[in-house]
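Worksheet: the structure to be examined is printed underneath.
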Amino acid sequence: MNNHIVVINSPKYNRDTYFRRFVEQIRQNKMHRKTPIVLLNTDYPDGLPSTLTGLGIHLVQGHGNHEDDFKRANLEGAANILILAKDEYMDDSDSLCFDLCYRMKEHGLAYRVIVECVEDENRGRMKRLGVKSVIRPIRSYPEILVRAMESPGSELIIEDMFTHDKDHFLRFPLWLEGDAWRDVVAAMMSANIGTPMACISKDGAVNINPAGEERVFGQSIIILVKTEAIPTEKQVQEAFRKFNSTDMSA
C-alpha cells in the first residue's frame with residue numbers, strides 16, 4: 001500500500017466505536033473514499049470485527065516502534081501517520097508516543113505525523129521532533145484527527161474549544177429583528193467583543209454560522225470570546241446599539 005493512512009496504537013476504551021467514527025469521517029471526503037487505512041496495534045489478537053473490516057480497514061499486528069512492524073505497515077509509503085495515546089488519562093502514554101515520533105524522525109517521516117499528547121508540558125518535546133501536529137486525546141471526538149489531516153491548524157482551534165484556557169463560547173441575550181448577520185458580526189468585532197458564531201432563534205433553534213447576508217431573528221447570540229477579556233451582557237448590547245446608530249447616521 002502507498003499513500004495510505006496508518007493509525008498506531010488504539011484507545012483503551014470503546015476502540016471499535018472510536019475507529020468506526022474515525023473512518024466514517026474520513027470517508028466523507030471524496031479524496032479519501034477509497035484511501036486504505038491501516039491499524040497498527042496488538043489489541044485485536046483475533047483480527048478486526050466485521051464492523052471495521054467492512055469499512056476498508058486493514059490490521060497489522062505490531063507496535064510501530066519495532067523495525068519489522070514499521071516495514072510491514074509500510075510507514076515509508078504512508079501519507080499520514082497518526083499516533084494515539086495508549087491511555088488518554090495516563091501521562092506515561094507520552095513516553096511511548098515520544099519514542100514513536102523519534103523513530104519517525106530517524107526515518108525522515110516526522111512531518112507526516114499527528115500525535116496525541118496527554119500532558120501539555122510534553123508538547124514542546126514532541127514538536128521539536130518536527131511532527132505535523134500535537135493534539136490532546138479527545139476520545140469523544142475522533143473527527144479532530146481527520147481535521148488535522150485535511151486542514152492542518154484547524155484541529156488546534158477545535159481543541160481550544162474544549163477548554164477555557166484561551167477562548168471559549170458564551171451566550172449573550174440580544175434581540176434581533178431581521179438584522180443582517182454580517183452587521184451582528186461587524187458590531188461585535190469592531191467593539192473588540194469577540195466573534196459571533198451562532199444565533200439563537202426565538203423558539204430556541206440554533207443557527208450556526210449564518211451567511212453574511214442572511215436576515216436573522218433571534219433572542220441571543222453565541223460569541224467566541226477571549227478568556228481573559230469576557231464581556232458583560234450590557235457591553236454586548238451596547239456594542240450592537242452603537243454600531244446600528246453609527247450605521248444609520250452614515
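Worth knowing before you read on, the calculation uses all heavy atoms, side chains too, and leaves out hydrogens, waters and symmetry mates. Remember, predicted model here, so these are calculated numbers, not experimental data. Residue indices begin at 1 and follow the sequence shown.
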Do [X] and [Y] share a hydrophobic cluster (ILVMFWY, side-chain heavy atoms under 4.5 Å, transitive)?
{"X": "F217", "Y": "F240", "value": "no"}
{"X": "V184", "Y": "L170", "value": "yes"}
{"X": "V7", "Y": "V118", "value": "no"}
{"X": "I230", "Y": "L174", "value": "yes"}
{"X": "I8", "Y": "Y102", "value": "yes"}

Give a yes or no answer on whether the side chain of [X] reaches the backbone of [Y] with a donor-acceptor pair at less than 3.5 Å.
{"X": "R136", "Y": "E88", "value": "no"}
{"X": "R112", "Y": "A78", "value": "yes"}
{"X": "R171", "Y": "I221", "value": "no"}
{"X": "D69", "Y": "H63", "value": "yes"}
{"X": "R215", "Y": "D179", "value": "no"}
{"X": "T42", "Y": "Q61", "value": "no"}
{"X": "S151", "Y": "R147", "value": "no"}
{"X": "E116", "Y": "A85", "value": "yes"}
{"X": "Q25", "Y": "E143", "value": "no"}
{"X": "R241", "Y": "V236", "value": "no"}

Taking all non-hydrogen atoms of both residues into account, name the closest pair between [X] and [Y] and its distance.
{"X": "F172", "Y": "P231", "value": "CE2-O, 3.4 Å"}
{"X": "P173", "Y": "Q237", "value": "O-NE2, 3.1 Å"}
{"X": "A191", "Y": "A239", "value": "CB-CB, 3.5 Å"}
{"X": "T35", "Y": "H4", "value": "CG2-CA, 4.2 Å"}
{"X": "V206", "Y": "A198", "value": "CG1-CB, 4.1 Å"}
{"X": "T227", "Y": "D167", "value": "OG1-N, 3.6 Å"}

Verdict with supporting geometry, D94 and R123, salt bridge (charged side-chain N to carboxylate O under 4.0 Å, His left out): CA-CA 9 Å; D94 290 348; R123 285 180 171 233; over 6 Å; no
Cationic tip of R139 above Y18 ring, under 6.0 Å, 45° of axis: yes
For the atom pair [atom1] ([X]) and [atom2] ([Y]), what is the distance rounded to the nearest 0.5 Å?
{"X": "N41", "Y": "L48", "atom1": "CG", "atom2": "CG", "value": "8.0 Å"}
{"X": "Q235", "Y": "N192", "atom1": "CD", "atom2": "CG", "value": "10.0 Å"}
{"X": "H66", "Y": "R72", "atom1": "NE2", "atom2": "CZ", "value": "11.0 Å"}
{"X": "S133", "Y": "K127", "atom1": "OG", "atom2": "NZ", "value": "5.5 Å"}
{"X": "I83", "Y": "I114", "atom1": "CD1", "atom2": "CD1", "value": "10.0 Å"}
{"X": "L84", "Y": "S10", "atom1": "CG", "atom2": "OG", "value": "7.5 Å"}

Intermediate values then yes/no, side chain to side chain contact (heavy atoms under 4.5 Å, CB included), Q219 and S201: CA-CA 6 Å; Q219 53 166 304; S201 71; over 6 Å; no
Going by atom types alone, do [X] and [Y] pair a side-chain donor with an acceptor below 3.5 Å?
{"X": "E214", "Y": "N207", "result": "yes"}
{"X": "D16", "Y": "Y44", "result": "yes"}
{"X": "S93", "Y": "D87", "result": "no"}

Residue list, side chain to side chain donor-acceptor pair (under 3.5 Å) with Q28, at least two apart or on another chain: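 Side chain to side chain donor-acceptor pair (under 3.5 Å) list for Q28, sorted by chain: empty.
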Name of the residue among V23, V38, I26 meeting side-chain contact (heavy atoms from CB on, under 4.5 Å) with I5: I26
Set of residues satisfying ring pair (Phe, Tyr, Trp, His ring centres under 6.0 Å) with respect to F22, sequence neighbours excluded: none
Lys/Arg N to Asp/Glu carboxylate O, E67 vs K71, below 4.0 Å: no
